[in-house]
Amino acid sequence: MKRHYVIASHSTFSAGMANALRFFAGDDLELTVLTAYVDNKPIDEQVKDIFDNIPEEDEVIVLTDLMGGSVNQKFFPYIYRQHTHVITGMNLSLAMAIVMEPVNDYLSADRIREIVEEAKKQLTYVNDVASEQVGDDDDE
């Protein structure tokens, strides 16, 4: 069993994310990048080709940019493929956590939910954090 990662978005964001993942996790990741609609062509065939080239027993983790976006919608039918997970709203924290997971077994839905929840905690309005720290300094 191998784990394949697909990074898909409407812009070069997906290529940048893939470069960052390769930098941190190594060049041997089974990583496919889909930068959608840059040529104004539908991506249905590209998505189909991705899955046609992955053995059924392999796991696929798809990270997309926007929930309900057209890229995410094209991957939606594949959630019914065994060992396939589609996660949207990707950020580097989420992607790093996913690719750093051991590949000795399939990821469970519960483990993916844990990773997603941890990634959500990384979303922070830094101005508030700075204001809290200034407030703490005033108390001393």
Should [X] and [Y] count as side-chain neighbours, where that means a heavy-atom distance under 4.5 Å?
X	Y	answer
Val47	Phe75	yes
Tyr106	His85	no
Met1	Pro55	no
Val116	Arg113	no
Val86	Val6	no
Ile112	Ile61	yes
Ile115	Leu94	yes

Arg111 and Glu114 ion-paired at < 4.0 Å: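 Yes.
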N-O pairing of Glu59 and Lys2 below 4.0 Å: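 Between Lys2 and Glu59 there is no salt bridge, as every charged N stays at least 4.0 Å from the carboxylate O atoms.
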Kindly say whether [Y] contributes a backbone atom to a donor-acceptor pair with the side chain of [X] at under 3.5 angstrom?
X	Y	value
Thr88	Met67	yes
Gln122	Ser93	no
Asp65	His10	yes
Thr124	Val126	no

Search all heavy atoms of [X] against all heavy atoms of [Y] and return the closest pair with its distance.
X	Y	value
Met90	Ser9	CE-CB, 4.2 Å
Met17	Ala95	SD-CB, 3.8 Å
His4	Asp58	NE2-OD2, 2.9 Å
Phe51	Arg81	CD2-CD, 3.6 Å
Glu57	His83	O-CD2, 4.1 Å
Asp105	Arg3	O-NH2, 2.8 Å

Residue among Leu63, Val60, Val62, Ile98 satisfying side chain to side chain contact (heavy atoms under 4.5 Å, CB included) with Tyr5: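 Going through Leu63, Val60, Val62, Ile98 one by one, the side chain to side chain contact (heavy atoms under 4.5 Å, CB included) with Tyr5 is satisfied by Ile98 alone.
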Please list every donor-acceptor pair under 3.5 Å in which a side-chain atom of residues 19-37 meets a protein atom from a residue at least two apart or in another chain.
unit_1	atom_1	unit_2	atom_2	d
Asn19	ND2	Ala15	O	3.4
Arg22	NH2	Leu31	O	3.4
Thr35	OG1	Ser14	OG	3.0

Verify same cluster id: Ile43, Leu66 (apolar side-chain graph, 4.5 Å):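 No, it is not one cluster - the side chains of Ile43 and Leu66 are not joined through contacts under 4.5 Å.
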Joint hydrophobic cluster, Val71 plus Ile7, side-chain heavy atoms closer than 4.5 Å: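 Looking at the clustering, Ile7 is in a separate group from Val71.
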Distance, nearest 0.5 Å, that separates CG of Asn91 from CE of Met96: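 Rounded to the nearest 0.5 Å, the CG-CE separation comes to 11.0 Å.
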